[in-house]
Every structure is written in C-alpha cells, then in structure tokens.
Amino acid sequence: MEQLAPIAIFLFVLFMLLGSGVWVGLALMGVAYVGMDLFTTRPAGDAMITKVWTTSSSWTLTALPLFIWMGEILYRTRLSEDMFRGLSPWMAKLPGGLVHTNIVGCTVFAAVSGSSAATLTTVGKMSIPELRKRDYPEKMVIGTLAGAATLGLMIPPSLTLIVYGVTINESITKLFMAGVFPGLVLAGMFMAYVAITSKLSKDFDPKPEPPMTFGERLANSRFLIPVICLILVVIGSMYLGFATATEAAAFGVIGAFLLAALQGSLNWDTFTESLMGAVRTSAMIALILAGAAFLSLSMGFTGLPRGLADLIASFELTRFELLMALLVFYIVLGCFLDGISSVVLTMAVVEPMIREAGIDIIWFGIFIVVVVEMAQITPPIGFNLFVLQGMTNHEMNFIARAAIPMFLIMVLMVFVLIWFPELATWLPENIRQRNG
Amino acid sequence: MKAIRKTLDALYLAGGIIAAVFLILILAIIVAQMLARWTGQVFPGATDYAGYCMAGASFFAFAYALNHGAHIRVSLFLSALGRHRRWGEVFCFAIGAIIATWVARYAIKGAYWSWKLNEKSQGLDATPIWIPQISMVAGTVLLAIAFWDHLIRLLVSGQHGMLNANRAE
Amino acid sequence: EKWDMPMAYAASNFHSEVGANFAKCVTDGTGGDLEIVTHPSGSLFSGNEIKRAVQTGQANIGERLLSAHQNENPLYGVDSIPFLVSSFDEHEKLWEIAGPKVGEVLHEDNLHYLYSVPWPPQGFYFRDPVQSVADMKGVKFRSYSTATARLAELTGMLPVQIEAAEISQAFATGVADSMISSGATGYDRKVWEHLGYFYEVDAWLPRNAVFVNLDAWNGLSDETKAVMNDCAAKAKAEGLQRSKDYTQFTLDGLKEGGMTVERASDTLVEELKVIGATMTDEWLAEAGEAGKAIVDAYKAGN
Ligand code: NA
Ligand code: NA
C-alpha cells in the first residue's frame, strides 16, 4: 500500500465535505472527483455523467418512487391509524408495546419492497407519528425503524440479492428463498430486544392502551383488512406471477388510491400533496444514488476496495477467521459505500476466496446481505440514516446512536448464521422445483 | 429584482411539477405495459420509457427538493457553529454551487456528445439518447442556478431561501 | 501506464477469463510498461456504458456485446442475423468477412478493434415442449432487442421486455415462458428451476468485442502495438476454443439440471429457416450496400 498519501487525502476530503454539512449526494460527487483526480488520468466529468445518467434512468429504480408514493398516499389516509387500531390490541400486550408495530410493519412491507429505503419510508411515515403520539421513547422508535427497515433487503424481493446473484451467477430464486428464514429470525431478534429493553428502561413509559377483551381485539382487527388486502394485492401479484416488482409497486399506488377513495380521504389536496411529497423524497434519494454511483466508479479506478480484499486473501485464514475478516472489512467499507456498490466492487476478489474456503455461496449471499445491511445504519454514509434524517429532522448522530443496538443485533445475527447455516440453506435446498 | 425572484421561484416550482408529471407517467407506462401483456398486445420499449421518466422525475425535482430542504446533509457541525452558522452555510452553499455547476457543465457536454455520436438506446425503443437526456441537462442546470441563488441571497441578506433550514433538534 | 478495462460479465465467465489472460499477456509482454487491469461484472462501467466510455476516453479499453449497438449501426448486428449461420465454423467464416467491416465501423466511432470472441450458439428455451412454430403461438417470449422482438412477432410469440437482471424472476413468476439465448445463459442462471426444454437451433452466435480508444491506440509505441496484436490473436484463439468447450459443458449442465436438451424437430428447423430468410432480408434493407456485400460474399463462399 504505497498509495498511503492519496488515501489520506481521499479520506480527509470525504470527512470534510460530509462533516461540514454539504448535501450528501454532492459531497459524494466531490469526493469521487478527488479520487479520480488522484488515481487516474481519465476525464472525471465525462465519466461522472455517464454513471449519473445510467443510474438515474434505470428501469429497476422505478419501483422506488412508486413505493414511496404509495407510502405518501397511505400516510394521508386514515389507514395508518386503522393499522394501529388493528395491530395495537395484539401488540399492546407484548412487552415493548406498539414499538413492535415498527418491526412487524417492516417485516410485512419488506415482502413487497426490494429496498430498505422504500420500506423505511412507507412504514416510518405510518408509524412514527402514531408512536410519537403515544409517548414512546423517540430513540427506540427511530432505532427499531432504522434496523427493521433493513429487512427490506433480506426478505425477498431484494435488490441486493439480485445484484449478488447476477454477479456470482447463482440462482436468484434460491437466494430469495434463503433470505426468508434469516429475515424472520432477525425480525424476531429485534422484537426480543424491544421486549427486554422495555422492561429494563426507565424512559419506557408510553401512554397505556385501553384494555380489551379478545372479542374486541378480533373486532378491531377489521381495521387491518384494508392493509392486508393491499399487501395481498401487491405480494400476490408478484408471487402469482402476473407482475414484476415495479408492476407490483404500481398496483400498490393504485390500491392505495382506491382505499383512500373508499375512505373518502381522496381529494385534490391529498393527491397533489402525496405526489409532490413522493417527488421530493425520490429526488433526494436519486441525488444520493447518483453521487454513490460516481463514487463507486471512482473507487473502481482507485483499486482501493480490491487492494483491501487482496490483502485479506494474502493472510490465508481459516473459514471462521476469513468470515470475521470479511465482516470487519464490509463494515469498514460500508462506512463509505452503499451495500450494492460494496457487493459489486468486491465480489471479483471475494468470490474465489469464498469458493476456495468451501463456504456455501448461497449462504454467503445472506451473510453478505446482513453485513451490508449494517452499512445502511452506520455513519458517515448510511442510507437509512439519511432517509430517517429527512423524515424526522433529527440530527444524524442522534439517529446513528439510536441505531447502535440494532447494529449489534445484526452482528449477533451474523454469528447465528454461522452457527446455524441451515437457516439460510434449508429452504432453497428443499423447495419444490417447478420443472417441465 | 422582484421580477427575477418571481421568475426563479416559478422555475423551481415548474421543475417540481414537471417531475410530478413524469412520476405519473411512470405509473401510466407500467400499467399500460401490464394491460398490454394481459390482452396479448405489445408495448415495445416500455421499460426504457419508464427509465427515462424516472430520470425526468428525479432531475427536474432536484432544485425543487433543495428549496424544500428535502436533500439530506449532516448538519452536526453547522449546529455547533451557533451564531456563526451563517459562514458554515456560506461554505456549504459555495461548495454545493461549485459541484452542481460542474455536474451541469458535464451534463450539457454529455448530452451534446450523445447527439454528436448519434448514440441510440440499446433497447427496443431505439430512442436517440440525447432526447431523454434533456431532462438531465435542464434539471442539473436548474439545481446549479438554485445553489447560486441561495448563496447570493445568503451573502446579501443573511438568509438563504431554503425551507426547514433550521431543523428542530 | 495503467489502463482500466471494463467488462460486463461475471469474473468466472469465460469471456472475462480470456480478457484477464489478455490483460496479463499485455502487461507481461510490455514488461509492465502498459499494465491492463480488468474490471469484470460491470464493476467499473456496466455493459451498456462500456462502448460510450471507451469511445470518449473514460476508459482506454473495454469489452462489449457488439449486437447491443445495432440500433446505432445495423452492421453491429451482423453476428446476430437469425439462422444465417448454424455452427461455430460457419460463424467464423462469416466473421472473417464481416470482422474487418465491423472494425471500420468501430474506427468511425473512434474505436480500434482488437479481437472478439463468440458466445455459444443461441437456442430456444421453453417451459413446455415445442415441435413447430404453431406451438409457439401466444407464448410469452423474453425479448431484449429489436431483432428478438421481431423474431417473436414472426413466430406469433408475445414479446415481453425483460432486463438481464430480471430473467430468473421473470421465469419464476411466469412473466415470461421462453427466451432465446446460449446454453451458457441458461446454465449460469439455472433456468431448469423454471423451464423444461432447450432446443438447439443454433440461431446465431453473438460476439463480445474488445476495442481500444483510437487516440489511446495511436499514442502507443509500435512495440506495444505489436505486443497487443499478438496477445489479441492469442485471446481470439483461446476464446473460440473455450466457447466451443463451454457449449458442450453447459448443455450437459442443463441436462443434469433436469432439462430436456435436444435438436429442434425438422419441421421447426424448416419453419425457422423461412423466418430467418425474412429477417436476413429485413437486415439487408437496413444495412444497405455494406451489409449486402458481407452476406453475398459469405453465401458465395459456401
Ligand atoms: Na424485500
Ligand atoms: Na454505512
């Protein structure tokens, strides 16, 4: 690593731009520019615009604004209240109370959305105001949301798993199947954490929910019917095979409008507000994605991610040591890069290492998803942190601190995966294959 | 002065509205594509057109989102500056203006070269790429203008024009 | 000097491995004066960005599936005229004639053509058995280019546009029931999980071409150019052999996965030949004199 000086400059500029309050998307562009300027003689501006255009005009990205729009519409209907009225009687009795709606909501929505940002926005738009109204500790509300939203990448469909599958030539269906149980287990671990903390924490003193009989609870569940219908339409359309993820998102928007209309909350104001809200949020995410795309190009030219992976490969570690090294490596990388870029940039070197070490490549897909999911909630660059900051107006360090317990749970999840690899491998090995 | 202010604000809002139209178009194209598939019809290039609309929905809204304080930033340091915050903001807007101008400059160059090289979409639509790239040019130029606009206002009057700029802690 | 070489396909794909060997050959051959670093899996520039990136000097060298650019110039699609050639050997004969012409077209686009390697022959994947064109009617067919959409139209299939990343999902969910591709694609994506039949029709053999930015090429010393040409010749030969080897390997793999792999029925082959003739005529109408010269020369040589 004789390139120490340029690396130092690179890191300095990164922290200076991000830290001083320059908008994230533009800061990434600035850092990427410096990287290209230091490490290659290629024209930075032309390369930047090539990347920015393809990233911004990508078909797969269209699911994102649609799912955000769906969330904006649902946010402006009584649906969020209804969902809470339906879920709260069941969650209220659990230790930790309605914070569980964050996790259950994210788990369910993750089955419809391929990205954690969309999961975060849709569920957060519904749950944050409701939980705040009930005086739940802000830190726990924000933290669980940041953590649980990462399930969006683990529970299928998942953009990260698709990218991984394509990169290593593995079956995406198998990867999707592999993500189901670990996703549910992780959700369970989040819920267990909430239950335990709520018992231990002094701050945990939400307004009590009115007591209810079983019959009343069941009756209240009728408020869940619209949400369940919507989820069935969105998931059902995908799994029954008449829609892709983007098309399912379109169903979601139309379904959300239908429900709003049935409730009488659809008017010109809610229509334009939801639309303009979705436009602002998706433009915000698009600017960051554009910056991240240029940064990962710049990183590709610098060769830094690969150099680091090569360095690890040279140590000749045992299987467990290798996984631990990769865990640390991806956490560090995830401080600066989004998950998909981390996967794409490093797999060329990591894949042979994994295959040589005899590690199941499908299992490793889930491992890597958990690890890059962590990157979504670690500063300085963590996508869920940014999105949450936009939604809640909290300071970044508040959100990051709130997310630390979730980060640690995900570290624990990595070990659970190592101890019980069957969690990821059983379902893909035992699915009935639709064969001609 | 007032006329310029009005024109600029109208431009940013127009960008937001155009972006909204593109978002509706994404929905329309995807629904049309599904309907076509179910009825045995063909909508060639649908995914490419949806992609262009995605670009339109993003780029045109950049400046509009900036004015609404929607773009994300790490404001830790700015808050710590207290009453000197204005100079921190000047730094941020200056850097933002420079980078946005740089991006806009290359967006123009990129679209120009797409036209000059006769670059066509590789999909079924075979659209000359410079046409959808107009949205990238317009959006990035508008964003650059917005940054300079805010920077000048900040220097002259001490106030930039961004909403929600002072976030609740 | 260090050149970055963007490539679109996974590092384990034989095209990427041949590219990596080429890069090593040049680096060693020039004693490190020119170091070529490959970036597979679209990790630097993705497939659809590579040509533009090399054209405008954002990267000095790169590899791209040529026929993806036939919207810009029909000659880029000369390797993808359906049913014009039907084997590796016939395809190589066609390319002997067409290669230099395509090289000229690339030259006009500010690119210096180095070498190219064919993909294994394209065959039909179907969920259900197909014996004739009549069986194809109404089947949802993955199309990704003008030519594949036209092929669907002529066979009465329903073209659905599916991006490469979505292939597996599209088959899993029934959004598509068939596609035309090499045995390699189906093997790599394990399509036997969803589809039952692969028909070897050897429809065409698309090529991945490696090209250099023309200004960068002109800036090289004669010695370096000579090394590059030697290495390119080696890579071309290695690539062709590996493509042939990989064809059988992937077809065996599809069988092992549980697919029925067989030659198309005589009826189907005859019907497809007719469709191929129509599409060749349509291509000729677009490609003009230059295209006609290639096809005439090829047919004359047979
Ligand atoms: Na998901
Ligand atoms: Na991070």
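We name chains A, B, ... by the order of the sequence lines, and we start the count at 1 in each one. Small disclaimer: the values here were computed from a predicted structure and weren't measured. The figures that follow rest on heavy atoms only: side chains count, while hydrogens, waters and symmetry mates do not.
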With a 4.5 Å cut-off on heavy-atom pairs, point out which of [options] contacts chain B the most.
{"options": "A/Ser56, A/Pro43, A/Ser58", "answer": "A/Ser56"}
{"options": "A/Pro65, A/Gly45, A/Ala290", "answer": "A/Gly45"}
{"options": "A/Ser57, A/Ala278, A/Ser282", "answer": "A/Ser57"}

Checklist line | Gap separating the CD1 atom of B/Ile24 from the CZ atom of A/Phe271, nearest 0.5 angstrom | finding: 4.0 Å

Notebook entry, point to check: When rounded to the nearest 0.5 angstrom, what distance separates CE in A/Met70 from CG in B/Leu27?
Noted result: 12.5 Å

What's the shortest heavy-atom distance between [X] and [Y], and which atoms?
{"X": "A/Val279", "Y": "B/Gly16", "answer": "CG1-O, 4.2 Å"}
{"X": "B/Phe62", "Y": "A/Ala283", "answer": "CE2-O, 3.3 Å"}
{"X": "A/Ala250", "Y": "B/Ile30", "answer": "CB-CG2, 3.7 Å"}
{"X": "A/Arg280", "Y": "B/Ala70", "answer": "CB-CB, 4.1 Å"}
{"X": "B/His71", "Y": "A/Met284", "answer": "ND1-CA, 3.6 Å"}
{"X": "A/Met29", "Y": "B/Val103", "answer": "SD-CG2, 3.7 Å"}

Note to self: Test side chain to side chain contact (heavy atoms under 4.5 Å, CB included) on A/Tyr33 and B/Ile99; report intermediate values, then the result.
What the structure shows: CA-CA 10 Å; A/Tyr33 170 79; B/Ile99 296 176; over 6 Å; no

Checklist line | Most contacts with chain A, counted as non-hydrogen pairs under 4.5 angstrom, among B/Tyr52, B/Trp102, B/Tyr64 | finding: B/Trp102

Next item on the list: Measure the shortest side-chain to side-chain distance between B/Lys109 and A/Ile49 over non-hydrogen atoms and say whether it is less than 4.5 angstrom.
Entry: no

Checklist line | Note, A/Asp46 side chain near B/Tyr106 side chain (heavy atom, < 4.5 Å) | finding: yes

Check: Which answer fits B/Leu66, side chain, backbone, both or neither, if we ask what part of it has an atom under 4.5 Å from a heavy atom of chain A?
Finding: side chain

Note to self: Taking side chain as everything from C-beta outward and backbone as N, CA, C, O, which of these in B/Phe59 sits under 4.5 Å from a heavy atom of chain A? Side chain, backbone, both or neither.
What the structure shows: side chain

Please list every donor-acceptor pair under 3.5 Å in which a side-chain atom of residues 15-27 of chain A meets a protein atom from a residue at least two apart or in another chain.
| residue | atom | partner | partner atom | Å |
| --- | --- | --- | --- | --- |
| A/Ser20 | OG | A/Met16 | O | 2.9 |
| A/Ser20 | OG | A/Leu17 | O | 3.2 |

Item checked: Engaged part of A/Phe398 at the chain B interface, taking heavy atoms whose separation is under 4.5 Å -> neither

Check: Checking heavy atoms, do the side chain of A/Thr62, its backbone, both or neither come under 4.5 Å from chain B?
Finding: both

Notebook entry, point to check: Is any residue of residues 126-136 of chain B within less than 4.5 Å of chain A by heavy atoms, and which ones?
Noted result: B/Ile129, B/Pro132, B/Gln133, B/Ser135, B/Met136

